[in-house]
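Here the structure is a predicted model, which is why all the values come from computation and not from measurement.
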Amino acid sequence: MKSAKRTRSPRHKAAPVRRTPAKSTALRTLSRRPRQSGAKRAAKSRSPHASVPADLLTGAPDEREPLVSVIIPAMNEESTIAKVIAEARRTAARCEVIVVVNGSSDRTADIAAASGARVLVYPEPLGHDVGRSIGAGAAKGDILLFTDGDIVISAKRLFPFVKAVGSGVDVALNRYSGAVKKRRPHPVVLSKHTLNLLLGRPDLHGCSMTTVPHALSRKALETLGGEILSCPPAAQARAVLHGLRVEAVHLVPVGRMNVIRRKRGGRDPLADIVVSDHLQAAAVMLERLGERAGYSDGSRRREMVR
């Protein structure tokens, strides 16, 4: 979930510095996979997201618009960004990788450009998740895949999200729900579960657009608008309320992969931001569904209260 360390700003006046690689390195084909046994092929055919456009899976690079846009916010990630981009580019033949570098003092931008990404550079930190909105605004693909610059996730683990959207899902979520069996679950985990219950989607458990990787269809982006992606829980609430197809499609255990952040005075400032994001999501529900968000007030006769 990492993109910056400061509070998000709703508007961004600074124009990004664009670093774009040469066309010869902009796209690559997927590496060939070894032949599989009949049993493995049969197992794959039973996947609920088995119907996928042919050019999503393989094919030679061409000059058409990208089918998949991978969006990666990054801040001082020079040690991981090249590997993150390399895996992202293997998710589709027609793929663009957009790295939104903000507030970096290292070589993240240079390494990203050398690795074949389209790089948008902002000298100052944009704030948590704002890079997602900016990257989505620059994306040309029909499928938008979101990941982070500090976690190297293999193409094999990223591809199910692309595949799900290619099969008709509008919001493809990571099936990671967080640690719920602890004596005192983390406030962020509780917030995610609570929001999905309020939305009438208990089947999603703690799955959330806060968590990477996840993917959106172009239809979802146009329905939600790019600005709301800076507040992922609010975007998720709006997606459900607008009847978009929201599914948890694949498990990537990012809890074991994420960088442990330093706490300030025993508190995690990022956790406070994410919890407040879920309050904003609740406000989206109240605005659309009324003061009780569609839930009955039962037999209460409030007019009798003086």
Salt bridge or not between Glu96 and Arg118? Use side-chain N to carboxylate O under 4.0 Å.
yes
Flag side-chain contact, heavy atom, 4.5 Å: Phe161 against Asn174
yes
Measuring only between side-chain heavy atoms, which start at C-beta, is Leu173 closer than 4.5 Å to Ser208?
no
Under a 4.5 Å cut-off applied to non-hydrogen side-chain atoms, are Arg218 and Ile143 in contact?
no
Quick check: are there more than 12 heavy atoms from other residues, nucleotides or ligands sitting under 6.0 Å from CZ of Arg256?
no
Side-chain contact, heavy-atom cut-off 4.5 Å: Asp148 with Pro73?
yes
Taking Glu87 first and then Arg89, would you say they form a salt bridge - that is, a charged N and a carboxylate O separated by under 4.0 Å?
no
Note, Thr210 side chain near Pro233 side chain (heavy atom, < 4.5 Å):
yes
Tell me, do Ile153 and Val84 make a side-chain contact under 4.5 Å, heavy atoms counted?
no
With a 4.5 Å limit on heavy-atom distance, are the side chains of Ser133 and Ser230 in contact?
yes
Lys83 and Ser115: side chain donor to acceptor below 3.5 Å:
no
Any donor-acceptor N/O pair, Asn196 side chain to Pro202 backbone, under 3.5 Å
no
Heavy-atom side-chain contact between Phe146 and Val70 under 4.5 Å
no
